[in-house]
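Working notes for the structure below.
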Amino acid sequence: MTAEHHHRHRDVTGGWLRPAVFGAMDGLVSNFALIAGVAGGSESQKVVLLAGLAGLAAGAFSMAAGEYISVASQSELAEAEIEVERLELARHPASEQRELAEVFESRGVDPETAAEVARQLSRDPDEALQTHAKEEIGVAPGELPSPLLAAVSSFLSFAVGALLPVLPYLLGATSLWPAAAVAALGLFAAGALVSRVTTRAWWFGGLRQLAFGAAAAAITYVVGALIGTNGV
């Protein structure tokens, strides 16, 4: 008796990990760069802390609002197209059934089998709508993402990342170095996590993200030092 063979694939979409990590990474890079820029031009701990907290709040709310509008608009467009498909199924059921059969034929199913599968699927209006929407639009009723969930997730992930370089200042740090150390650890960890949905080694992902984040912070630090706000 031959044992059944099963194999698994990694989640190529990244699931929840990818948007969560990228949201946190965005918050970390942007806020650390902001803090570095302000620290480069000011010796005041309060000024740097205020800039970091303002960057956290502004960035998190901006991300949440943008994500909500984006996902809501996409869902509204999909719902409108699904409704068009629902009306077509009600008005022209035979044509829609032939159209579905042609879809199966284009995938290599012989015409008789394709026609029979389309006929059986078309007996249930809900199943027919699900299949047509999935095939023609790429989404199905009940599978549309939640704008509110997307907004809250973006807000929280960005806020977590943006908070990391601010923490040392909240705990009494008076220079940029503690914030830089915390940010560096966070950048490396985020890059290593992202490598879980790629073929890259964890250390490569971590070092690559650390390099990009450090470059962004260094550039803004130099800009802040050139402009200068010492004595503020």
Exercise. Same hydrophobic cluster for M63 and I69, using side-chain heavy-atom links shorter than 4.5 Å among ILVMFWY?
Worked result: no

Seminar exercise, completed: Paired with T131, the side-chain contact (heavy atoms from CB on, under 4.5 Å) test is passed by just one of D126, L100, V117, namely L100

Exercise. Between A101 and A118, what is the shortest heavy-atom contact and its length?
Worked result: N-CB, 3.7 Å

Problem set entry | Distance in Å, E79 CD paired with I137 CD1, rounded so as to fall on 0.5 Å steps | 11.0 Å

Problem set entry | Heavy-atom donor-acceptor pair, S157 side chain to S153 backbone, under 3.5 Å | yes

Exercise. Is the closest side-chain heavy-atom distance between S195 and W203 below 4.5 Å?
Worked result: no

Seminar exercise, completed: On a heavy-atom basis, the closest approach of H132 and E96 is CE1-O, 2.9 Å

Seminar exercise, completed: Rounding to 0.5 Å, atoms CZ (R86) and CD (E81) come to a distance of 13.0 Å

Problem set entry | Sub-4.5 Å side-chain heavy-atom contact between Q97 and L89 | no

For this session: Please examine the side chains of L28 and P165, heavy atoms only from C-beta on, and report whether any two atoms are closer than 4.5 Å.
Result: yes

Problem set entry | pair V71-L149: side-chain heavy atoms closer than 4.5 Å | no

For this session: Answer with yes or no whether the hydrophobic clustering places L156 together with L148; edges join I, L, V, M, F, W, Y residues whose side-chain heavy atoms lie under 4.5 Å apart.
Result: yes

For this session: Please assess S62 against F158 for the test side-chain contact (heavy atoms from CB on, under 4.5 Å), listing each intermediate value before the final yes or no.
Result: CA-CA 10 Å; S62 176; F158 185 97; over 6 Å; no

Exercise. In Å and rounded to the nearest 0.5 Å, what is the CD to CG distance from E127 to L129?
Worked result: 9.5 Å

Exercise. Between CD of Q130 and CD1 of I82, what distance do you get to the nearest 0.5 Å?
Worked result: 8.0 Å

For this session: Take V194 and F22 through the side-chain contact (heavy atoms from CB on, under 4.5 Å) test and state the conclusion after the steps.
Result: CA-CA 8 Å; V194 170; F22 273 109; 4.0 Å; yes

For this session: Could you tell me the separation between the CG atom of L53 and the CD1 atom of I35, rounded to the nearest 0.5 Å?
Result: 8.0 Å

Exercise. S42 side chain to A39 main-chain N or O, any donor-acceptor pair under 3.5 Å?
Worked result: no

Exercise. Would you say the side-chain atoms of S122 and R119 include a donor-acceptor pair closer than 3.5 Å?
Worked result: no

Exercise. W177 and L164: same hydrophobic cluster, using ILVMFWY side-chain contacts below 4.5 Å?
Worked result: no

Exercise. How close do L144 and S75 get, heavy atom to heavy atom, and via which atoms?
Worked result: CD1-O, 3.9 Å

Exercise. Around F188, counting heavy atoms of other residues, nucleotides and ligands shown, do more than 12 lie under 6.0 Å from its CZ?
Worked result: yes

Exercise. Mind checking whether F204 and L207 sit in one hydrophobic cluster, side chains of I, L, V, M, F, W, Y counted as touching below 4.5 Å?
Worked result: yes

Problem set entry | Path from L34 to L49 over hydrophobic side-chain contacts below 4.5 Å | yes

Exercise. Which atom names give the shortest non-hydrogen contact between A217 and A36, and what distance separates them?
Worked result: O-CB, 3.6 Å

Exercise. To the nearest 0.5 Å, how far apart are CD in Q45 and CG in L176?
Worked result: 12.0 Å

Problem set entry | pair L187-V29: side-chain heavy atoms closer than 4.5 Å | yes

Problem set entry | Nearest heavy atoms of Y169 and A179, plus distance in Å | CE1-CB, 3.7 Å

For this session: For N31 and V166, work out which heavy atoms get closest and say how close.
Result: ND2-CG2, 3.4 Å

Exercise. Hey, is the main chain of H92 close enough, under 3.5 Å, to the side chain of S95 for a donor-acceptor pair?
Worked result: no

Exercise. Cation-pi between R107 and F104: NZ/CZ under 6.0 Å from ring centre and within 45° of the ring axis?
Worked result: no

